[in-house]
Structures are given as structure tokens and as C-alpha cells.
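Position 1 is the first residue of the sequence; numbering continues from there.
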Amino acid sequence: MNFYILLNHFIWALEYVFLAIFFLTFFWSMFATVKRVTSADTFVVVDKKTNNEITLTTTHIQVPKPPHRMREGEPFGFAARELVRSKLVGSTIKYVVRERSENGRIFADVYLPGDVLLAQRLLSAGFAQLRTIKNRVGDTVSPTYQSLVSAQQQAKAQGVGIWSGEDNTTIDFDPEFVDVMGVINAYEDSPCKCVVEHVISASFMRILVRDPRKTNLHLVQIAVNLSGVRLADKRTHEELNQRSFALTNDLLLQREGVTITFNHIEEQKERVFGYLKRNTNDFQALLLERGYAVVADWSLPFIPNMSKSLRAAETQARKKQAGLWIGKEFVENDARHFKAVVREIASGGIIFVEPVDAETPTRMRINFANIRAPRIRTRTFKGEAMSWEAKEFMRKELIGKTVDVVVEWESQREEGPSMYHGYVLYKNRNPAVEMVRLGYAFVIRGKAHVARTACFDELHIAEQEAKREVRGVHMNEMDRPHYRYTDLTTKNANIQQQSHKDRLQKAGRIEAIVDRTYNSTRFRVMIPSLDCLITFGLVGGRFPGDPTSEHLNIIDKYLLQRDGVQITIDEMDARGCFYGNMWFNGNNVLVEMMEMSLAELVMAPSADTQHLFDRQNELKELKQGIWEHYEPTEEAVIPTEPVELSVTYISSESTFYAHYGELTGEQKDFLISIGTIDPISVEGVVIGEEVIIDHYRHGLCRATVEGVDVDDATVRLMDFGLEVTENVDLLFELPEEYSSQHVKPMAHNYSLAFVESKEDVDEAEIIETLKGQLEDRIVKCLLLSQSRAIVYSTSKENIEQTINANLVYNRMCSVVSFKKIKKEDTRTKSAYREFSELFA
């Protein structure tokens with residue numbers, strides 16, 4: 001009985017002992033998160049309780065050492081480490097400390113999820129051996145140790161791991177022997193799996209990747225920079241850099257699911273760039289969202305498809321004022337979107353548009369944001385290389401097209417309308433991006449916190465391509481093409497105008513570009529094939545008075561900078577203006593302008609042109625355009641008998657201005673009344689404008705502006721025909737009641753009939769001869785039309801005794817060919833035959 005009682009007490013005691021061992025083991029167990037694995041049996045963990053970093057070494061086993069930058073490693077060392085890294089890094093483990101060595105190493109039993117010993121898992125895979133010496137933590141014949149022995153025997157039997165033979169894994173650490181370029185090219189911009197081995201900073205780390213060119217498992221270590229981001233300055237944002245460094249270690253160091261896409265190699269600096277992801281998350285975007293970095297503009301061309309997502313992440317941080325953006329207010333662009341028609345290209349970076357939905361035609365100046373195109377040539381600036389090419393590119397792309405305009409911000413000017421900054425889209429394509437890609441413009445970056453255009457990244461990527469291909473403005477300054485042309489519109493271009501006259505006349509129909517419109521019959525025209533810029537007037541037409549902005553807007557819509565314009569040059573006047581015919585898309589521009597009631601025919605009526613005059617009379621009755629204030633008057637009848645003309649000015653070798661007989665008392669009173677006007681200075685002189693000028697001989701008189709050059713203006717005295725050049729300060733406003741629409745000019749332009757100057761005779765000599773015979777004299781003339789006259793040199797009305805005949809007799813002029821008058825009326829042809837027979 002006593003025996004059974006003692007046995008029962010012994011059993012109870014044994015149960016308490018086992019219970020105590022169980023509770024002691026449970027409370028001795030600790031938990032930690034694995035941060036990195038150095039070898040299969042050694043890893044760095046962060047203790048859950050103390051939050052301290054400690055290094056643990058697994059008990060019972062010894063494992064092959066993995067390769068290192070300073071050592072080659074042992075067979076299967078890397079495979080063993082990879083098994084542990086893939087299972088443990090980032091996960092929580094349970095460990096029981098068994099021993100602490102004198103040098104501070106901690107030996108512990110490490111348990112995988114499910115309470116499986118890590119040592120047993122490594123032995124089963126053949127990546128470890130049991131220690132042959134007596135176990136440090138207890139009896140070598142313990143049940144735990146026996147299970148480890150069984151796992152090792154099983155691995156030996158199966159021939160796995162170190163029991164299988166030679167390890168075919170090789171790793172290159174030395175950058176001098178790593179063919180980085182070959183490895184990157186082998187992946188062909190495709191993402192590849194990698195292991196982040198060492199984090200130097202949040203944007204610079206060492207990774208291990210497989211060399212796909214090798215049949216065996218050949219790994220190479222590459223130092224890589226992250227594309228698309230730039231960290232904060234270490235000197236001013238040390239704390240931010242520490243936080244970004246910790247984040248990188250937590251998320252990337254030896255983690256599974258990390259892939260990299262190699263983008264670029266800087267061969268000079270031997271720097272490799274790549275885009276890093278973990279699973280499907282962009283690590284660069286995360287750095288930007290938290291404000292640890294900014295978008296690195298210069299590296300965006302390596303990752304064009306990711307630029308929008310990176311910008312969006314940076315914008316999110318700016319809105320939240322996170323990290324780098326603390327205290328920096330974010331101002332979002334309030335972009336305006338509207339449709340408009342492109343009316344004029346001022347340069348590669350400036351265009352003028354007219355909104356489609358505007359109630360009244362309104363021009364808006366649009367500056368392409370973050371772009372600087374080369375400055376174009378002006379009369380005071382010689383222009384920059386590629387400026388013509390940039391302007392021509394935009395002209396061909398946009399002029400006359402309906403585009404989507406995006407105005408992102410507005411800037412005020414001290415004088416004049418506001419300037420709008422943004423971009424345009426034509427058929428969902430940004431032409432400014434293509435212009436930059438061709439090397440016709442630079443991209444302006446500005447500071448990181450300053451607002452930029454929404455298409456900045458596209459512009460930047462295009463510029464990088466232009467730089468790589470060395471295009472346009474990125475070429476050597478001496479190699480850049482610089483289109484040069486001769487400006488024949490300036491006052492001092494007389495010699496060049498004469499030299500170009502023959503070339504222009506012989507060229508026949510020439511492709512041209514209307515660069516500016518003065519009115520419906522006068523333009524500034526560029527001729528690319530002959531590299532010259534000229535002032536051009538339509539023969540047989542004129543624009544009476546001054547064009548209004550509405551008139552100019554209609555003319556610009558029709559002609560300005562359009563393709564399909566052709567011209568011919570017939571003659572050039574003393575001011576250097578070339579006259580001829582113009583066609584647009586095959587239609588005569590003068591006729592089209594007349595149909596739009598924007599031009600008046602001044603040619604001599606003939607059988608071929610009579611229908612045009614009939615049509616013009618119909619348009620006059622409609623009172624539209626220039627005929628808005630038209631009042632029918634009796635047509636002037638050309639007298640059949642000789643009349644007296646009072647010559648006031650010799651304008652060229654065959655033309656002169658004159659009064660029709662002596663001035664009437666009413667005309668004289670009108671001229672006197674002009675002298676009583678209180679002069680008001682003119683601001684902004686425009687060609688074709690009617691003004692008052694104070695002439696040294698005639699006093700205050702009416703004049704028409706025919707040319708402007710900086711501070712000087714060339715004007716024609718309407719009532720005397722004289723052409724003079726004066727400073728614009730001496731020009732004054734002409735009251736409406738004194739304009740040519742109310743009182744017609746008193747001086748009329750006449751030409752000597754049937755004669756033209758010879759090429760070998762100095763025109764100045766002819767002009768001097770005519771001045772001596774005609775100027776300031778009353779002469780008898782036979783008028784053949786409103787402007788063509790035969791001037792008698794004596795009182796006898798004999799065609800032999802005429803100024804016309806004297807010029808031919810003195811070999812200063814020759815008789816014109818019959819072709820030039822064959823379309824005239826019968827009376828003119830009869831007079832021509834009588835005149836030409838004198839020199840048969």
C-alpha cells in the first residue's frame with residue numbers, strides 16, 4: 001500500500017517537473033524580425049521586445065560559407081544562404097538562446113513558422129552538417145539531436161546539397177572582371193529578378209543578378225543607381241536621408257520579389273541606372289510620395305514610360321507638404337482648355353491664335369512653356385542659328401489649323417496685352433515636343449519647386465534625344481546651319497534691290513510666303529528659293545485709305561504664312577517695292593480681294609478686264625468692305641482734246657505728278673485751311689496711314705506714309721506728289737474730314753506714254769532732264785487714259801514735238817513694244833502707231 005502511494009506521489013512530482021520545464025521553455029522563447037542573412041546559420045534580427053539589433057547563430061550545425069567580396073566562399077554556401085534568406089528575411093521567428101560566447105556571439109535554437117527547427121530544415125536540404133563535437137547545449141543523445149541526425153542521414157541517402165557533389169553556382173564580385181554592359185544588354189530592357197545585397201543610400205545600392213548568357217547559375221554583383229529620382233542634399237536634410245536609408249533597408253535589403261529594369265550606363269563615370277520594383281510597387285514612386293526625393297529630370301529619358309507616375313507621386317508629396325516640401329506652398333496650375341485657329345507664327349516658341357468660340361475676333365499670344373527657341377532676325381538683330389528652321393517647322397505644322405490650346409499660366413507685361421504660357425495639341429500631338437526632338441529649341445528647366453508645363457517630361461526626353469543625336473542647336477556652334485537671306489525691305493537696300501530685280505523678273509512664278517500684310521494689295525513676302533525678303537504690291541489694285549483691324553484680320557486669315565502662294569515680279573518702284581501678280585492655290589489674289597470688297601481695281605479697262613470692273617461696280621452697290629461709305633459719282637470722262645497740266649513733281653524717269661490745270665479757288669482755300677489745323681503728334685506710324693507733315697516749301701499738307709524705317713518715315717504729299725523722308729516726330733494726325741475719302745488728292749500721277757528707259761542710260765540723268773523741262777510748269781498734254789499722257793514740248797500740237805519723242809530722239813528712252821498696249825482701246829492704239837512710225 002505504501003509502495004503504491006509513493007509511486008503515485010512520484011508520478012505527480014514528475015508531471016510538475018515537466019510542467020515547469022514547459023513553462024520555462026515558453027517564457028525563455030523570444031521573438032524577432034529577421035533583417036538580413038549573412039550565411040545560412042547567421043543572421044541579423046531586430047528583437048520584438050527591446051527593438052535592438054542582434055546577431056544570431058544557429059546551434060547544432062555548421063554550414064558552408066557563402067562568397068564575399070573579400071573571400072571566394074565554399075560550395076553550396078550561397079545556395080544555403082539563399083534558402084534561409086528567402087524563408088526568413090522580413091518574417092518573424094522564434095528563438096531560444098542556448099549560449100553566449102566570450103566574444104558576444106549568441107547561439108540559439110531558431111524555429112521556422114510551425115515550430116520547425118531551422119537547423120533541421122537545412123540538414124534535410126543538404127546545406128549543413130552536424131557538429132562532430134559534443135553539443136554545447138546538452139546531451140548528444142537528446143531527442144532534438146536525434147531528429148537532426150535523422151535529417152542528415154536522410155539527406156546523405158538522397159544525395160542532395162553538399163552530399164551531391166560539385167556546386168555549379170558562381171558569383172563575380174570584382175567590378176573589374178564583371179562584364180556589366182554584356183549582362184545589361186542580355187536583358188534587353190526587360191525586368192530581371194535581383195537581390196539587394198548592400199544599401200549605400202536610398203538611391204544607390206549593390207545588387208546580385210543572374211547572367212542570362214551562362215548555362216549555369218552565374219551571378220554578378222552590380223552597383224546600381226535608381227533612375228528618375230534625386231535624394232535630398234545631405235548637408236541640409238540629414239534626417240530625411242537617414243529616414244530614406246532606413247526605409248530602403250526595411251523594404252529592399254535581401255527581400256523577395258525585387259526586380260530591376262536596367263535603363264542606362266554612363267560609360268565615362270561607369271555608372272549603371274535602373275528602375276526598381278518590389279512585387280508591383282515602384283520604389284522610386286514611394287520615395288517621391290514621402291518627400292524623400294525629387295524627380296531627377298536628367299535621368300527621365302531613361303524611363304520615358306514612368307515619367308508621368310513619378311511626377312504624380314512628387315505632386316502628391318508637394319500637396320501634402322511632406323519631407324522636402326515642408327513649408328513650401330503648392331500652387332496647382334489652373335489650366336484653361338479651348339479650341340483656336342493658329343493665325344501667325346512669330347517664332348519657333350511664339351504663336352498667335354484666335355479662339356473659335358470668341359464673340360469677336362481676338363488674337364492671343366501663346367508662348368510655349370519651358371521652351372526657348374532661337375531668336376529670329378529683325379532689322380536690329382541678326383538672328384540666331386536655327387531660328388528660321390524652327391519658325392518654318394511650326395508654320396508648316398500649325399498655320400491655319402484648329403488646335404487644342406492649354407493655357408497653364410499668364411504673365412503680365414508693363415505695356416500691351418498679357419502673355420499666355422502653355423502648349424497646343426494638334427491631332428493629340430504636341431508639335432513643340434517634335435520641334436525640340438529635331439533640335440530646333442532648348443528646354444528651360446528652372447527650379448524644382450517652380451511650376452512647369454504638364455508636358456515638361458516629354459520635352460526633356462525629346463531634348464535628350466536631340467543631344468544624343470547632336471541635332472540642331474546642340475551641334476557645334478560652327479557646324480550649326482544658319483539660314484541667311486537678304487532683306488530688301490530696308491531703306492538702305494537700294495543696290496541690292498537693283499541686283500535682285502533681274503533675278504526676280506526672270507524667275508517667273510515663284511513660291512513665296514506672305515510674312516506680313518500691310519493691306520490687301522501690299523505685303524512683306526519671303527522668297528525661300530532666292531533667299532530674299534521683299535516688299536510686294538499687286539499690280540492693278542490698291543487699298544484706299546487705312547485698313548482697319550477687321551480688314552487686316554480677314555486678309556491674314558486668307559494669306560498670312562500660308563503655303564500655295566506664288567508671285568511674279570513685273571517692275572520695281574523708286575522706293576524698292578516690287579510689283580507683280582500673286583496667286584493663292586491657283587486663284588488670282590487681286591481678284592479674290594476684290595470679291596471680298598478689300599481692293600479697288602486701278603488698271604486700265606480692256607476687253608479682258610471689263611467683266612472685273614462690272615463685278616466691282618456690283619460690289620460697290622452692296623456697300624461692303626472698303627465700299628462701306630461709297631457714294632456713286634459720275635465717272636470721269638477722258639478728254640479727246642489736249643488739256644493743261646501743272647506739273648508739281650518728277651517721280652521717276654517716266655512718271656510725274658501734276659494738277660489738272662490750275663487749282664480752283666475752292667482747292668486753294670482747302671490747302672490754306674490745312675495750315676490752320678492744331679497739330680497732334682502721331683503714335684505708331686503705319687504704312688498707308690494718312691498724316692499731316694510740315695513741309696519746308698508747302699507748309700502743313702496732307703501725306704500718305706509709304707515706308708517706315710526705325711525713326712524715319714517716307715511719305716508722299718497727296719496734293720503735290722512729292723516724296724520726302726522725315727523724322728516720325730514731324731508727322732501729325734490728319735482729321736477725318738481732311739482724309740482722301742472726303743477730299744480726293746489734288747496731285748495725280750501720270751506717265752509718259754509709249755516710252756521706257758534704256759538699261760544703259762542713267763535714270764537720274766533722265767529725271768534731271770524732265771525736271772528742267774516740266775517741273776513747276778504748266779504744259780499741254782494729250783491724255784490717253786486717266787494716267788497716260790503725251791506731253792507737248794511746244795505750243796504746237798504735233799506729236800513730233802513732244803517730251804516723249806525728245807527722249808527717244810536723245811536716246812535716253814526707247815519705244816515700248818506693241819505687246820504692252822495691244823489690250824488698250826482703239827484711240828490709244830491709233831496714237832501708238834502714229835508715234836512709233838516716227839522712229840520706224
Side-chain angles (χ1 to χ4, degrees), residues 361 400 509 512 514 517-523 525 536-560 562 564-571 573 577-638 688 690 704 739-742 744-745 748-751 783-788 819-829:
R509 280 203 183 191
V514 177
T517 59
Y518 299 121
N519 56 46
S520 61
T521 61
R522 194 177 179 89
F523 315 95
V525 173
F536 179 82
L538 296 180
V539 167
R542 74 181 184 98
F543 187 95
D546 300 329
T548 64
S549 59
E550 183 180 354
H551 292 155
L552 290 175
N553 192 46
I554 296 172
I555 300 166
D556 287 351
K557 286 181 182 179
Y558 178 65
L559 274 182
L560 187 63
R562 296 298 187 102
V565 174
Q566 294 178 316
I567 62 172
T568 57
I569 303 297
D570 297 335
E571 57 187 15
D573 66 12
C577 178
F578 295 86
Y579 288 90
N581 294 303
M582 178 183 288
W583 294 266
F584 176 52
N585 292 336
N587 299 319
N588 188 295
V589 171
L590 179 59
V591 176
E592 293 294 314
M593 290 294 176
M594 183 204 71
E595 287 287 346
M596 291 188 283
S597 296
L598 290 174
E600 178 185 7
L601 301 178
V602 294
M603 65 184 75
S606 64
D608 294 335
T609 61
Q610 187 58 47
H611 69 286
L612 296 178
F613 283 91
D614 294 340
R615 175 59 180 160
Q616 180 171 272
N617 291 332
E618 294 175 7
L619 295 171
K620 288 179 179 180
E621 296 297 330
L622 297 175
K623 294 189 176 183
Q624 297 176 352
I626 59 175
W627 310 115
E628 183 179 358
H629 303 289
Y630 169 74
E631 294 296 336
T633 57
E634 294 184 5
E635 293 187 5
V637 179
I638 301 173
E690 294 183 358
T704 303
S739 67
S740 59
Q741 290 187 351
H742 291 80
K744 292 185 177 181
H748 303 282
N749 191 20
Y750 298 94
S751 62
L783 297 181
L784 301 176
S785 66
Q786 292 287 352
S787 60
R788 189 180 289 114
K819 291 181 179 179
K820 293 187 177 182
I821 59 98
K822 67 179 181 179
K823 294 183 179 181
E824 300 294 336
D825 57 15
T826 304
R827 180 167 172 263
T828 302
K829 291 178 182 178

Working to the nearest 0.5 angstrom, can you tell me the gap between [X] [atom1] and [Y] [atom2]?
| X | Y | atom1 | atom2 | result |
| --- | --- | --- | --- | --- |
| M594 | W627 | CE | CH2 | 10.0 Å |
| I626 | K620 | CD1 | NZ | 8.5 Å |
| T517 | F543 | OG1 | CZ | 10.5 Å |

Any side-chain heavy-atom pair from [X] and [Y] closer than 4.5 angstrom?
| X | Y | value |
| --- | --- | --- |
| N553 | E550 | no |
| M593 | I555 | yes |
| D570 | Y579 | no |

Q | Pairs where residues 580-598 contributes a residue and the test side-chain hydrogen bond (donor to acceptor under 3.5 Å, both in side chains) is met, not counting sequence neighbours | A | E595-R615

[X] side chain to [Y] backbone, donor-acceptor under 3.5 Å:
| X | Y | value |
| --- | --- | --- |
| D556 | L560 | no |
| S520 | L598 | yes |
| R562 | K557 | yes |

Looking only at heavy atoms, what is the nearest atom pair of [X] and [Y], with distance?
| X | Y | answer |
| --- | --- | --- |
| V514 | M582 | CG2-CE, 4.1 Å |
| G688 | T704 | O-CG2, 4.0 Å |
| Y750 | L783 | CE2-CD2, 3.8 Å |
| T521 | G541 | CG2-C, 3.8 Å |

Q.
H748: which residues meet the ring-ring contact (aromatic ring centres under 6.0 Å, His included) condition with it, sequence neighbours left out?
A. none

Q.
Applying side-chain contact (heavy atoms from CB on, under 4.5 Å) to F584 and V589, what does each step give before you reach the verdict?
A. CA-CA 6 Å; F584 176 52; V589 171; 4.0 Å; yes

**Q.** Partner set under side chain to side chain contact (heavy atoms under 4.5 Å, CB included) for I569, not counting sequence neighbours
**A.** L504, Q505, I534, F536, I567, F578

Q | Criterion side-chain contact (heavy atoms from CB on, under 4.5 Å) on H551 and N519, from CA distance to verdict | A | CA-CA 8 Å; H551 292 155; N519 56 46; over 6 Å; no

Q) Under 6.0 Å from the CD atom of E628, do we count more than 12 heavy atoms belonging to anything else shown? A) no

